Amino acid sequence: MPKSYSPREHEAAIMQRWESARCFHATTGTGRAPYSIFIPPPNVTAALHLGHALNNTLQDVLTRVHRMRGFETLWLPGTDHAGIATQSVVEKRLLMQGKRRTDFTREAFIEKVQGWKDEYEAVILSQLKAMGSSCDVERTRFTMDPVCATAVREAFFRLFSDGLIDRGKRLVNWDPVSQTALADDEVEMHEVDGHFWYLRYPLADGSGHVTVATTRPETMLGDTAVAVNPRDPRAAALRGKRLRLPIVGREIPIVEDDYVVMPASMGGDPSDAKAQFATGFLKVTPAHDANDWEIGRRHGLAAINVMAPDGSISDRHGWSDVGDDARAFVGMTREAARTAIVAWFKAHGLLEETRPYRHSVGHSYRSHVPVEPYLSDQWYVRVTDDRLRGAALRAMAPDQVDGSWPTEIAPRSGAEGDGEVRFFPARYAKTFQQWHENLRDWCISRQLWWGHRIPVWSKRVQGGAGGIDLAAHGAGHLRQPTQHAVLAVVRVADGVQVSPSEATSGEFDLHICTLTDAAGAALEPHGFVRDPDVLDTWFSSALWPLSTLGWPDPSAFEMAGMLDEFNPSAVLSTAREIITLWVSRMVMFNRYFLGGRVPFRHVFIHSVVQDGFGQKMSKSLGNGLDPRDVIDTHGADALRFTLVQMSTSTQDVRLPVDMICPHTGETFTPKTIVTDSGYTVAAPVQESPKAPGKRMVSSYGAASGTAEPGTEQPLARNTSARFDTGRNFANKLWNATRFALANLPQGRPPELVTAAPASMADRWMLARLAQAVATIDASIADYRFNEVGDALYDVVWRDFCDWYLESIKPTVKTDPLQQQCLRSVLDGLLRLMHPVMPFVTETLWSAVRAAGPAGVRGLALPDGELCTTASWPRPDAALIDVGALRDMERVQALVLAIRNLRGERKVDPKRRITLHAAASAMATILAGEGIVQTLAGLDRVEPMAGTRPAGALVFAHDGEELWLANVVDAVDADAERDRLSKLIAERTRAIAGFEAKLGNTGYLAKAPPAVVEETRAKCAQAQSDLDAARNALAALGAGA
RNA sequence: GGGCGCUUAGCUCAGUUGGUUAGAGCACCGCUAUUACACAGCGGGGGUCACAGGUUCGAGUCCUGUAGCGCUCACCA
């Protein structure tokens, strides 16, 4: 075995072995209890980043632990088509070639997106492999593959049939760049420096004007009223009056509505920020503002849409009274129109004032431009229905519900799935609950080409005296829903759904949802047209726990039994922003479609990895890490261990980002600058710390375009010194194993596997191993991953390497029983380490196996071909030998005391010294069976007797005075006095503290007796230490 | 504005129901090429636990308030 572990020499081969043995493939009918996890499918837009690496590592740890515990374990991998995100990256790429999406047919464009998807899906799957993810690759799914598509079609059809999907003209969040609607949670709020413009609207009778305040003057073209609060003192005088809308010339009413905030000067609430800016008159633009839409509905106002889908001013989407003045604005972008309209008001003396105003504006999470509230027809899932929202709330574990939920939510009924979803950490249950309590209907149509196309065919028809004659439209067979098609008739005027016979006058839309494309296509000769839009990506993601297992008919995809075996899954591991986007919808859909069954029993929310300055890692800041780089420099196990150890239950963790100098390979901390927007980033160009004069470009430099990487100044990769911990740990395990193997002869008798180790060191080590198993089991159960990492580090490095291996060095070569213990402990440790560091443990596994069978009494370690399928250690409780633990604790304390003295007096490490031990220390040394001598570098131990040898150092331990002789060649009296004085000062302070406590009557009366007793003992011991040190100092003084 | 989280050693973080003199890793200082490992070993220095009150015999831990940082929901009059 080489002296150090080199990950890249082993990782690929190990993965190969696992795969060819199909270790990660799960099936039905094994008789084993199922344990399943669905991977949150990463978007096919880009390669996996560190956040994915974290989430995948944690899922893999859970998966591997349960596999070793004997569960039938399924970790199901896959990818998400990520509609808008993927479409926009492909469009961006086309744009660089000077092409647009509309230059292609829909089919040709989708072909291009498909190409991108294939490329990144392959990258993602290879990254999963490189990280050691033990997923069942044979069951890899993609949200748009035929299996998932079948589920999406079925789900839409059922929801449509059950009246949970409907179409409506409403204000949506419109992204004018992507030209699609967005769901509420796809809108990000950003602070923007804007203005309040105060615009005068003249009264139609020429008797004056009112002034409205607005941040969006361009929407005034669509104003259909001005509202005033009925309690406003000015309201009465204006009642019944009308206004002449400037530019447009439209005559609009003044309406009275409670919604309007009165200015502080007119009796408004001065603490309301709005009252500071308000004039008391609110321009009402129902087609361009959600609140105005509501006001418009209350007062029967028209909604005049003055914009095209690209956000430009347009007279072709609902605006008809365009006069000569207004014509000039048509065709302008919304930004240009804003400027021009303000200028117009100014030029006409109608701009009263302009005030700066900083406020939050919704931006598209994809194109990052301000979202436009836009009037359009969209499909909605009525998630506010109790069958969906109520079911999600009822799924919450009762003890995690905060207070009680709204009265319109039906109570828990003991139905399947009720109360079964639990959040870790528990505080995230609140996020889930609040989201559902304030839920609004979910807009699911997206005006994109990439995605699941909406399975609805529509036709606009006229109503007639006897209702609509369906047969005349080729839909006669749909008077009653069939297995393959369902009809909805919607009155165009108000969007209300009616029965065909009720459609007696006016226009109606016939919407037919079909289960198959063929059924839809059959309608096309009759004038039906398929909806061009696609579904929100989250619609298919919401079905992930169902669709991946073949729902609605698993046997159709050779997955018979899978759905019942592996749904519900054990846990969903994800980031907290996903609670609203995805967790909620999975719970609603899974429960709805599977008779109340929840998709997962636990939701684990992992922390977000930030850079060293507490900033989110992002491409544009260049502060991210590529997991592939870390695997390359440190190995997958190092990446994994470090991520596990970082995973605390806080909401974010910091990972200081370092840089690798491309000239020297050295890791260094880059120089930083602060950007205009206040981010701390690596300076674009960095100087090599070790190669003077050589330069490099940082990721930020490249991402921001402020520095061009080239041969003179290459791009430097990011890394983090934090991963050294993981790399060092893997190497430590490697070397500990190397040492152990060197001490384990071949051909040990097999009967030793049931023998009970006799030596104190062996019994202690087995006890520590047993304790570590208990700690790790408990931590895994609560998803406290950092504790798993710490427990492994402690038992392997501190207990096994530092103490156990050092202790047994003199004896292990000749003691077969000890060899068996060493063999077994090593075996157990490899198993415990495996879920976190699968590669190094599997690499070592075959070498360790060759050393003969493992196991001792109380710890069965059945042999296995591979570590990954070996059984999880289950030590007998009796292995926790409290006597050995107590003895070893005393041994360690004595050893540390002696080492401390050696270090302080700079005793040559090689020098063997003599201890004169009093009764208690002597007992410890005997109990230690030679370990103290080995670890403290003693050549002899003698009882305390007679006079102190010349030059012997005095020290106090465990309330006793002890001597160390043969320590130095010449006594340095000054150094010795310093040491003793320091000790005296320290003990004196401690004793004062103890005595203060013990002199407190309240303490003696109220503290538990055991605590008081402990304090007394500590005080007495400190007193003995003090006495010993004082004696020594006095003796030294006399001798000097 | 509502909700949530964080503030402990130079850095990154532990600290379970309040109970010894608050811990770890990295970094730093000293010693060590010793036959598992220098990606190491041994020893050391370093914190009035953000601040101010309170409860308690006893507070890093519980309560109240303040400040700073961050996330999230709502809000474009």
Side-chain angles (χ1 to χ4, degrees), chain A residues 1 3-5 184-185 189 192 194 196 212-216 219 260-261 263 273-283 289-291 357 359-362 370-371 373 425 427-428 430-431 434-435 438 576-577 579-580 608 610 612 614-616 634 638 645-646 648 650-656 721-722 724-725 727-743 784 786-787 790 793-794 798 801-802 805-806 809 896 899-904 906-910 937 986 989-990 993-994 997 1000-1008 1010-1012 1014-1015 1017-1018 1022:
Chain A
M1 276 172 84
K3 273 180 80 169
S4 59
Y5 172 59
D184 294 334
D185 40 44
M189 304 310 287
V192 163
F196 259 117
V212 297
T214 182
T215 57
R216 304 190 58 211
T219 65
V260 180
V261 173
K274 276 182 184 169
Q276 307 301 317
F277 286 92
T279 65
F281 296 102
L282 174 68
K283 64 190 277 300
D289 183 287
N291 295 315
Y357 182 56
H359 61 146
S360 286
V361 175
V371 161
R427 64 175 181 276
Y428 291 114
K430 203 165 183 171
T431 309
Q434 286 176 350
W435 167 255
N438 301 309
R576 60 178 175 279
E577 74 265 19
I579 297 172
T580 56
V608 170
Q610 303 176 330
Q615 306 166 137
K616 256 190 189 166
H634 289 74
Q645 213 185 20
M646 275 171 59
T648 61
T650 53
Q651 69 175 6
D652 35 47
V653 290
R654 291 184 184 192
L655 185 76
R722 290 287 302 276
D724 292 355
T725 307
R727 183 200 52 192
N728 297 353
F729 192 30
N731 190 57
K732 188 73 177 177
L733 184 66
W734 176 269
N735 274 292
T737 305
R738 206 159 69 96
F739 170 79
L741 291 177
N743 287 282
R784 297 190 307 249
N786 63 312
E787 291 182 8
D790 289 344
Y793 194 91
D794 286 345
R798 304 273 83 100
C801 294
D802 289 351
L805 291 185
E806 295 302 330
K809 274 180 180 174
L896 289 174
R899 281 177 176 174
N900 175 307
L901 191 56
R902 292 182 68 129
E904 229 172 309
K906 306 217 186 316
V907 178
D908 185 332
K910 288 196 211 64
E986 190 207 317
R989 207 173 55 235
F994 292 133
K997 255 189 181 179
N1000 183 330
T1001 49
Y1003 177 72
L1004 295 177
K1006 295 187 185 172
V1011 173
V1012 176
E1014 204 180 337
T1015 308
K1018 295 290 167 195

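Model, not experiment: these values are computed from the prediction. In what follows, chains carry the letters A, B, and so on, assigned in the order in which the sequence lines appear, proteins first and then strands, with residues in each chain numbered from 1.
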Quiz item: When the P atoms of U61(B) and C6(B) are considered, how many whole Å apart are they?
Solution: 13 Å

Quiz item: Per the atom types in the model, does the base of C37(B) pair as donor or acceptor with the side chain of K732(A) at under 3.5 Å?
Solution: yes

Quiz item: Which base, if any, makes a Watson-Crick or G-U wobble pair with U35(B), both distances under 3.5 Å?
Solution: none

Self-check item: Nearest-nucleotide pick for F994(A), side chain only, options being G44(B), U21(B), G41(B)
Solution: U21(B)

Exercise. Rounded off to whole Å, could you give me the NZ-to-P distance for the K997(A) and U20(B) pair?
Key: 7 Å

Self-check item: W734(A) CH2 - A36(B) C1' separation (whole Å)
Solution: 12 Å

Practice problem: Give none if A77(B) has no partner; otherwise give the nucleotide forming a Watson-Crick or G-U wobble pair with it, both distances under 3.5 Å. | Solution: none

Quiz item: For residues N786(A) and Q645(A), is any side-chain donor paired with an opposing acceptor at under 3.5 Å?
Solution: no

Practice problem: Determine: side-chain N/O of R654(A) to OP1/OP2 of U12(B), distance under 4.0 Å, yes or no. | Solution: yes

Quiz item: Will you find, in the side chains of Y1003(A) and T1015(A), an N or O donor that is under 3.5 Å from an N or O acceptor?
Solution: yes

Quiz item: Is K732(A) close to Y793(A) at the side-chain level, that is, under 4.5 Å between some pair of heavy atoms?
Solution: no

Quiz prompt | G46(B) to A9(B) separation - P atoms, rounded to the nearest Å | solution = 15 Å

Quiz item: When rounded to the nearest Å, what value does the distance between P atoms of A33(B) and C42(B) take?
Solution: 16 Å

Quiz prompt | Watson-Crick or G-U wobble partner of A24(B), both distances under 3.5 Å | solution = U12(B)

Exercise. For nucleotides A50(B) and G3(B), find the distance between their P atoms and express it as a whole number of Å.
Key: 23 Å

Quiz prompt | Below 4.0 Å: OP1/OP2 of U34(B) and any side-chain N or O of K910(A) | solution = no

Exercise. Could you measure between the two C1' atoms, the one in G1(B) and the one in C26(B), and give it in whole Å?
Key: 42 Å

Exercise. Determine which nucleotide pairs with U17(B), using a 3.5 Å limit on both distances of a Watson-Crick or G-U wobble pair.
Key: none

Practice problem: Any strand is fair game: report the nucleotide pairing with A59(B) by Watson-Crick or G-U wobble, both distances under 3.5 Å, or none. | Solution: none

Quiz item: Of T279(A) and L1004(A), whose nearest nucleotide on RNA chain B comes first from the 5' end?
Solution: L1004(A)

Practice problem: Taking atom C1' in both A27(B) and C62(B), compute the distance separating them and give it to the nearest angstrom. | Solution: 35 Å

Practice problem: Give the minimum heavy-atom separation between M646(A) and R654(A), together with the two atoms involved. | Solution: CE-O, 4.4 Å

Exercise. For R784(A), report the nucleic acid contact type (base, sugar-phosphate, nothing); a contact means any heavy atom under 4.0 Å.
Key: nothing

Quiz item: Does T648(A) have a side-chain nitrogen or oxygen under 4.0 Å from the phosphate oxygens OP1 or OP2 of A14(B)?
Solution: yes

Quiz item: Mapping L896(A) and Y5(A) onto RNA chain B by nearest heavy atom, which one lands closer to the 5' end?
Solution: Y5(A)

Quiz prompt | Paired nucleotide for C6(B) [Watson-Crick or G-U wobble; both distances under 3.5 Å] | solution = G68(B)

Exercise. Using only side-chain N and O atoms of N438(A), determine if any of them is under 4.0 Å from OP1 or OP2 of C73(B).
Key: no

Exercise. Between U32(B), U21(B), G5(B), spot the one nearest the side chain of Q651(A), thanks.
Key: G5(B)

Self-check item: Pairwise side-chain contact, V608(A) with R576(A), heavy-atom cut-off 4.5 Å (strictly under)
Solution: yes

Self-check item: Watson-Crick or G-U wobble partner of G30(B), both distances under 3.5 Å
Solution: C42(B)

Quiz item: Do E806(A) and A36(B) have a side chain to base donor-acceptor pair shorter than 3.5 Å?
Solution: yes

Quiz item: What integer number of Å spans the C1' atoms of G65(B) and U55(B)?
Solution: 15 Å

Quiz prompt | Pair R798(A) + D802(A): basic N to acidic O under 4.0 Å | solution = yes

Quiz item: Can you check whether R899(A) has a side-chain N or O nearer than 4.0 Å to OP1 or OP2 of G43(B)?
Solution: yes

